[in-house]
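Read the structure below first, then the notes.
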Amino acid sequence: MKKLALALVMIVVFTLNSLLVVAGNEGIQIKINDKLIELDVQPAIVNNRVVVPVRAVFEALGINVGWDEATKTVIGTKDDLTIKLPIGNKSAIKNNRNISLDTPATIIGGRTLIPLRFIAESVGAKVEWDAKNRIVSISTESTEYQVIEVNDVNEFIKAIGSNRKIVLKNGEYNLSKPKKEYEQNRHIRWNKESDGTELIIQNVSNLTIEGIENTLSNIVTESRYADVLTFENGSNINITNINAGHTPDKGECSGGVLLFRDSDKINISKSRLFGCGTQGLTLFNVDGLTFNDSIITDCSEAIMSIYDSKNITFRNSRFNENEGNWRFINLTRSSNIVFDNSSIFDNKTISQEDEKSFLFYTDDSENIVLRNSSVYNNDIPNFIQRMNTMDLEENTFEDNKFDSNQISSFMYNEMGYNAQLDGNYQIALEYYNKAIAFNPYNDAAYNNIGWALVDLQRYEEALEACNKSIELEPNDAVPYVNKGNALFGLGRYEDAIQSYNKAISLDDSIKFSYYGKGKSLIGLEKYEEAQEPFQKYIQLDPEDPDAYYYLACVLAELGKYDEAIRYYDKSIEIEPQFISSVYGKSRCYAFLNNLPEAINNLRKVIDVDERYKNLIMIDEAFDSIKNTKEFRDLLSQTLISSR
């Protein structure tokens, strides 16, 4: 009886909930561009929001409908637009950006219903609800680009929308003093702050705000706690000839100047962002922003903060006379950020904790580039929190509180490293020497010189550079590895092994220490001892075919041919074109008197590189099969094919 009672209660509750959802929904109609659309299920009102059948509305708007069963997600695609709405989730995804929803997508009567306003606004459509006649009207906005000239703040706010260029004809637009009737613009909303209101511009695309050229137009707010302009869910936003900040006087505040959230394709040009905004630019989840010929100045806490964003470029711009506590340029969980041909100067810390104050703070960020720029007269203790997150290219550093020479030295060392990776050894050496000119104690630059000279087989010079690096930093393992490589190149195998052993004692995770040690032991014909370093090499990098190849060579020298073949096979499995391993296998099969496999592998070798035929003829490994018909036939075919 208790189970029956519980079941009845659950049925009643489910029925009541269903009634609450659909009550009053009968007769709701949907018009798209003044045309009624046919529906296979009625729209509903959930949490005072209209939800509509997904397929009918998507298709009427030209959106292709998809469904991901694994994640229970509705997927809509149109041109470069992708919308994902997980069932029951109050967050949607538009072009990889998360968008909050008042009401999640839901399933009613076996059909998926989605929040109407979000879908309509995502494709740039207007939505109206006629409560009296119970009609939802959706009209697709014209893609025709409008140019609207405005003369005051009220006209400016009224004009905000998609596919338009707003030209500001007068000098100042105070966002603290608009008329309230323009709050009904669906592309704006107002956030209440303790000392006023904050304008939020939302769901717009292809919008340009352009001020008076040369003199600039002022967009200001009197609210100290408000950002001057905030954009949410915007795309292709252009701001030019604008002077934006807080008014009337400089003072303490907590609002910034420009803030972009969940947006892409932003362009700011010929503009000035000024204090007392806490910072000039704030980005959350932005993909693609260019900041050209513009300025951030006189801010009270930082220059900018960029979170979870990518593909951001600052060009021909300057950042000057800003104050801050710790992170002047804060780059957090972001990537592909470039500062090009710009100036960063006269910025000053107000923090009393020098160890926490950085010009650049790059937390969990990558591919940060500073190039062709000037960094000078900054009263900031530290340049960057993580030096290896930034590439420095042809910059100048002067008169900063942090050590400018040290930064320049690091920059040229990094430039040399990149040039060496590209095979430009002479240019690399020039950069390394510049690094040392700025900082004679740059041990990394000496080490890199040694590395480059080893690659150039200038072993005596390489040895000298490595010794200098070790002298400056005796606890760094890498110079000992390069020193070992130089000694190996000189044939000084015992000395090389000592250097590799020292590197291992300092850092046993560098695979090249074991690689060099193993090869040096081979040079000394100490094959039994050579096994261990190559086995350790494999432990550190099980996907490097070289490790298996050299261990196989050692085993072959010890007469362990079957075992050697297994390691040759492993190197070939990783790198099918590893022809040296194929040749090694053929030698092992010859020693094992396995004529078919020896010939088969030799044929593979010759097919790739016929030069091996000369080695085959003199290699003693094949002495036992040289008089066989199969070997003579192979050699004959090779000689004929090479004529």
Side-chain angles (χ1 to χ4, degrees), residues 291 303-304 306 312-320 327-331 334-347 349 354 357-363 365-453 455 465 468-469 472-473 476 478-479 482:
F291 189 92
I303 296 172
M304 68 182 71
I306 299 177
I312 314 297
T313 300
F314 300 88
R315 187 178 292 111
N316 302 325
S317 295
R318 74 173 195 252
F319 312 94
N320 65 292
R327 306 172 183 181
F328 282 77
I329 298 176
N330 180 11
L331 311 176
S334 297
S335 62
N336 300 333
I337 302 177
V338 176
F339 296 82
D340 185 20
N341 196 32
S342 295
S343 299
I344 307 173
F345 62 96
D346 291 344
N347 300 290
T349 186
D354 282 2
S357 187
F358 297 90
L359 177 56
F360 284 91
Y361 193 87
T362 55
D363 185 24
S365 293
E366 60 184 5
N367 297 332
I368 314 300
V369 178
L370 178 69
R371 71 162 67 100
N372 302 321
S373 296
S374 300
V375 182
Y376 60 94
N377 201 33
N378 292 288
D379 186 10
I380 302 171
N382 303 290
F383 173 65
I384 192 169
Q385 155 243 11
R386 291 173 57 213
M387 201 71 190
N388 61 356
T389 59
M390 176 178 282
D391 289 333
L392 298 170
E393 303 172 7
E394 299 290 358
N395 306 290
T396 58
F397 297 86
E398 295 179 359
D399 300 324
N400 298 291
K401 187 173 183 180
F402 53 81
D403 191 334
S404 296
N405 285 338
Q406 188 178 37
I407 303 303
S408 295
S409 182
F410 177 89
M411 174 184 68
Y412 284 111
N413 187 49
E414 289 296 295
M415 292 169 66
Y417 177 82
N418 291 327
Q420 185 171 346
L421 290 180
D422 291 337
N424 299 320
Y425 290 100
Q426 193 55 47
I427 294 174
L429 289 170
E430 290 174 6
Y431 281 138
Y432 293 144
N433 284 319
K434 283 187 178 181
I436 292 168
F438 276 102
N439 178 14
Y441 305 99
N442 190 333
D443 60 288
Y446 282 108
N447 172 65
N448 286 340
I449 288 174
W451 173 34
L453 291 170
D455 286 349
K468 183 62 177 180
S469 180
L472 292 169
E473 182 46 77
D476 185 358
V478 176
N482 285 326

Grab the two heavy atoms, one from [X] and one from [Y], that are nearest each other, plus how far apart they are.
X	Y	value
Ile306	Ser334	O-OG, 3.5 Å
Asp443	Ser469	O-OG, 2.9 Å
Arg386	Thr362	NH1-O, 3.4 Å
Met411	Glu394	SD-N, 3.6 Å
Phe319	Ser342	CE1-CB, 4.2 Å
Asp363	Gln385	N-OE1, 3.7 Å

Practice item. Could you please spell out the steps behind the side chain to side chain donor-acceptor pair (under 3.5 Å) verdict for Asn341 and Asn372? Key: CA-CA 5 Å; Asn341 196 32; Asn372 302 321; over 6 Å; no

**Study point:** Criterion side chain to side chain contact (heavy atoms under 4.5 Å, CB included) on Ile407 and Met387, from CA distance to verdict
**Key:** CA-CA 9 Å; Ile407 303 303; Met387 201 71 190; 3.9 Å; yes

Compare all side-chain heavy atoms of [X] with those of [Y] and state whether any distance is below 4.5 angstrom.
X	Y	answer
Ile380	Lys401	no
Phe345	Ser374	no
Ile449	Leu429	yes
Gln420	Tyr432	yes
Asn442	Leu472	no
Asn482	Asn448	no
Leu331	Ile368	yes

Check your understanding: Is a side-chain donor-acceptor pair under 3.5 Å present for Asn378 with Asn347?
Key ->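 Yes, side-chain donor-acceptor contact under 3.5 Å.
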
Exercise for review: Dump the intermediate steps for side chain to side chain donor-acceptor pair (under 3.5 Å) on Asn320 and Asp346, then the final yes or no.
Suggested key: CA-CA 5 Å; Asn320 65 292; Asp346 291 344; 5.8 Å; no

Check your understanding: Under the side chain to side chain donor-acceptor pair (under 3.5 Å) criterion, do Asn367 and Asn336 qualify, and how do the steps go?
Key -> CA-CA 5 Å; Asn367 297 332; Asn336 300 333; 3.1 Å; yes

If I take atom [atom1] from residue [X] and atom [atom2] from residue [Y], how far apart are they, to the nearest 0.5 angstrom?
X	Y	atom1	atom2	answer
Ser408	Asn413	OG	CG	12.5 Å
Asn424	Glu430	CG	CD	10.5 Å
Phe438	Asn433	CZ	CG	13.0 Å
Asn439	Asn405	CG	CG	7.5 Å
Asn316	Asp340	CG	CG	7.0 Å
Asp379	Ser357	CG	OG	8.5 Å

**Study point:** Donor-acceptor under 3.5 Å (Asn447 side chain, Ala445 main chain)
**Key:**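 Not confirmed, Asn447 side chain does not pair with Ala445 backbone.
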
Check your understanding: Just one of Phe358, Phe328, Phe397 clears the ring-ring contact (aromatic ring centres under 6.0 Å, His included) bar with Phe383, so which one?
Key ->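 Going through Phe358, Phe328, Phe397 one by one, the ring-ring contact (aromatic ring centres under 6.0 Å, His included) with Phe383 is satisfied by Phe397 alone.
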
Practice item. For the pair Ile329 and Ile344, evaluate side chain to side chain contact (heavy atoms under 4.5 Å, CB included) and give the outcome as yes or no after the intermediate values. Key: CA-CA 10 Å; Ile329 298 176; Ile344 307 173; 4.2 Å; yes

Practice item. Apply side chain to side chain contact (heavy atoms under 4.5 Å, CB included) to the pair Val375 and Leu370, showing each step before the final yes or no. Key: CA-CA 10 Å; Val375 182; Leu370 178 69; 4.0 Å; yes

Review point. Hey, what's the ring geometry for Trp451 with Tyr417, parallel, tilted or perpendicular (30° and 60° as the breaks)?
Key: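 It falls in the tilted class, 30° to 60°.
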
Point to revise | Contacts of Phe410 that satisfy ring-ring contact (aromatic ring centres under 6.0 Å, His included) - sequence neighbours left out | key: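 Counting only residues at least two positions away or on another chain, Phe410 forms no ring-ring contact (aromatic ring centres under 6.0 Å, His included).
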
